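Everything on this sheet refers to the single structure shown next.
Each chain gets a letter, A, B and so on, in the order its sequence line appears, and its residues count up from 1. Worth saying up front: this structure is predicted, and the values here are computed from it rather than measured. Values below: all heavy atoms of this structure, side chains included; hydrogens, waters and symmetry mates excluded.
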2 protein chains.
Amino acid sequence: MPEEKLRRQRTGRANSSPTLEDVAQKAGVSTATVSRCLNAPARVSEATRKQVLEAVNQLGYAPNFGARALAAKRTDTFGAIIPTMENAIFARGLQAFQEELEQNGITLLVSSSSYSPQLEEKQVHALIARGADALLLIGHDRTPKSYDLLESKGIPHVIAWSIAHDVPRTSIGFDNRNAMKTLALEVLKLGHRDLAVISAPREGNDRARERCQGVADALIQFGLRPTDLPIIETPYSISNGAEAFQTLVSSGNRPTAVLCGNDVLAAGAISRARELGLRVPDDISITGFDDIEIAQIVSPGLTTVHVPHRKMGIHAARLLIAMRNGEYGDAPAESLELQVTITWRGSLGPVPLRNA
Amino acid sequence: MPEEKLRRQRTGRANSSPTLEDVAQKAGVSTATVSRCLNAPARVSEATRKQVLEAVNQLGYAPNFGARALAAKRTDTFGAIIPTMENAIFARGLQAFQEELEQNGITLLVSSSSYSPQLEEKQVHALIARGADALLLIGHDRTPKSYDLLESKGIPHVIAWSIAHDVPRTSIGFDNRNAMKTLALEVLKLGHRDLAVISAPREGNDRARERCQGVADALIQFGLRPTDLPIIETPYSISNGAEAFQTLVSSGNRPTAVLCGNDVLAAGAISRARELGLRVPDDISITGFDDIEIAQIVSPGLTTVHVPHRKMGIHAARLLIAMRNGEYGDAPAESLELQVTITWRGSLGPVPLRNA
DNA sequence: TTGTAAGCGTTATCAG
DNA sequence: CTGATAACGCTTACAA
């Protein structure tokens, strides 16, 4: 009797989970057959399949993840690195991304980089080491080493929330610069000439940078000097938005319209405006970007750029799955640009009369 | 020459990552030594350690996750299942949880159950199959099978956002019932007698249930009949909160104070109040629960129950790590009850004169 | 301090 | 359609 066969009996494993071999023994077939039953049911006869499934249920068998990953060379796990989980900016998109992955039997691993490329680099490393088959990343700003890691390990990845016109990377998102320009043009059309911007720190954040450029573009189109545009940079948070707003309005020449790089900052601005006794939009207009839930509960509601979060998440998932499945060969998959729209609520109005 | 040694040379692996054996070969040591270098550096001499690390860097070696999991019987991955990622209720706590895990070299896997015990059961299964070493769960309401799975696989788990007085499960959180009672007592002390509640659906959500009971407790203490208390149940969302509020105030006898089961519902209520021309708190008082960021940007600010989100997350992580490391043997670790406080802003005021 | 070698539980290749 | 059996890459007694 070959000693291999004895192994199972000799070990008095107390607590551990049943293995493929246990199932095989119980069903009276080989481990190979059990494996096939679970992974390619079509390649097994009706009869044995039934027996095996029976055994699986009785034993409460669940495949061992590590063993499967090792043998199959894939984990069915994707990773996503987002700048922050603290506010809702990425929540809806990520949720949609996750749902789509789940429908395809893929688990999602999320981590947040706190808007730091250095931290993100560590997390790219960690997710790869963790066996992620593919990665979702936000924006284009990251360390060269992050890209090297992805490249050298051949990990499929897509970049969301941004599109790249000039780099050969698969991205899915929208044109931040043009979106903000469109909004700024509306502001200018309403007669405003003294604009100001509250932006997230632009370093390491291409979305923030592009949005600022969009405002500048609009100014230029109206024959105004973008160099005169006051820009305050501050990390995304409601209280930071409030502080920045106060700084702006207490400066020498108060703007008639404040364009915020994001709804969180704008919400802070609006609430501080009220505290300072400024009526929005009668005394000052405020706009946001993203159209997340708080945009509708501040008062007045925020006029903002509506971003198709869910659509972006779903498409990102499908793209990534296709890439992982090798459907694009080695060439990067084509990028996808989504359209954004402006949601009008009440925070943007005509320029106050005395400034017109 | 043993044929084992030949294996490495014979395979012409093109793209694949370097393995422990590659590193060992390059450093001129055994694979065991390399493994020790990485996992227990203290047990290796200074000199060889240096050589090995050198080789690791040159090759850009990163351990294979599956192999490691298989051999070590642990993945250094924890899972968390939260009811929702869409609003910020769990964001801060989860972020803190994650940070604490990360500092201990543990990766976090998150999934959301959409407040459905059935969905949660599937996710418990998925996370276990995915190799999670331990799990963070929210509240006590789940299917018996979920608990069975946890039990039978011996997966350490803690329950957050709730404490259990009577079940032998490790939990870390606060007393939802008593917290809400405290807040309701404040409302009553201000003269209100016509209260109403907007709650999340209580089925499958012990926090919601306990909070409602808390209001009832307070009424009883004031000699009022809890059966007269109108309760509207609706899923957490701003617009649902708004709708529920409108239903309440357009009913026959309008309450003078509306207690919401959570800040999201309360934010909806406040913004709808304004739209209906009701002044808060002059015409009607509104309270929340959680003290998340929107509580401070609605106007007036929300008087609400402040929950120590970060503290809860950090302690949950530490507890779970200790459990995973076997520091509690087989007995469940002791639970930890945190204290909550009331944050006063402006949405709760004295009862309107005509109702007093 | 270091090396040897036996697993860990799957998947996949090849025969039958 | 099914069964042997060789990987997969790492950890960990056990020896030296």
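- Listed candidates were dG3(C), dG9(D), dG9(C). Nearest to the side chain of N64(B) is dG9(D).
- Taking atom CG of L70(B) as the reference point, atom P of dT11(D) lies 11 Å away to the nearest angstrom.
- Residues G28(B) and A32(A) both approach DNA chain C. Their nearest nucleotides, taken by heavy-atom distance, put G28(B) toward the 5′ side.
- Here S30(B) reaches the OP1 or OP2 of dG3(C): one of its side-chain N or O atoms lies under 4.0 Å away.
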Whenever both distances are under 3.5 Å in a Watson-Crick or G-U wobble pair, mark it; put DNA chain D into dot-bracket that way, with [ ] for crossing pairs and | when the partner is on another strand. ||||||||||||||||
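- A ring-ring contact (aromatic ring centres under 6.0 Å, His included) check over residues 124-154 of chain A, counting only residues at least two apart or in different chains, returns nothing.
- Residues forming a side chain to side chain donor-acceptor pair (under 3.5 Å) with Q98(A) (at least two apart in sequence, or on another chain): none.
- Between the CG atom of L20(A) and the P atom of dA7(D) there is a distance of 19 Å, rounded to whole Å.
- When the P atom of dG9(D) is taken as reference, atom CG of D22(B) falls 9 Å away, rounded to whole Å.
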Stepwise side-chain contact (heavy atoms from CB on, under 4.5 Å) check, L336(A) with L338(A): CA-CA 6 Å; L336(A) 181 56; L338(A) 303 176; 4.2 Å; yes
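- The stretch residues 52-62 of chain A does not touch DNA chain D, since none of its heavy atoms comes less than 4.0 Å from the strand.
- Not one side-chain nitrogen or oxygen of T33(A) sits closer than 4.0 Å to the OP1 or OP2 atom of dT2(D).
- I159(B) is listed as a side-chain neighbour of R142(B), based on a closest heavy-atom distance under 4.5 Å.
- Checking the phosphate oxygens (OP1, OP2) of dT11(D), a side-chain nitrogen or oxygen of R68(B) falls inside 4.0 Å.
- No side-chain heavy atom of F65(A) sits under 4.5 Å from any side-chain heavy atom of T107(A).
- In this structure, the nucleotide among dG9(C), dC10(D), dC8(D) sitting nearest to the side chain of A71(B) is dC10(D).
- At a threshold of 4.5 Å between non-hydrogen side-chain atoms, the residues L137(A) and E120(A) count as touching.
- Side-chain contact between S335(B) and I163(B) is absent, with no heavy-atom pair separated by less than 4.5 Å.
- When rounded to the nearest whole Å, the span between NZ of K73(B) and P of dG9(D) equals 20 Å.
- In this structure, CD of Q25(B) is placed 15 Å from C1' of dG3(C), rounded to the nearest angstrom.
- Under the rule for a side chain to side chain donor-acceptor pair (under 3.5 Å), the partners of D133(A) that lie at least two apart in sequence or sit in another chain are T75(A), R324(A).
- For the side chain to side chain donor-acceptor pair (under 3.5 Å) with E54(A), the qualifying choice from K50(A), Q51(A), Q58(A) is Q58(A), the only one to do so.
- For DNA chain D, the neighbouring residues in residues 34-49 of chain B, judged by any heavy atom under 4.0 Å, are S35(B), R36(B), N39(B).
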For I138(A) and I81(A), run side-chain contact (heavy atoms from CB on, under 4.5 Å): C-alpha distance rounded to whole Å, both residues' side-chain angles, the deciding distance at 0.1 Å, then the answer. CA-CA 7 Å; I138(A) 307 296; I81(A) 305 176; over 6 Å; no
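- Distance, F65(B) CZ to dC8(D) C1': 15 Å, rounded to whole Å.
- With R49(A) contributing its side chain and V44(A) its backbone, the two residues share a donor-acceptor pair below 3.5 Å.
- Note on ring orientation: taking the six-membered ring where Trp is involved, the planes of W161(B) and H309(B) are tilted (angle from 30° to 60°).
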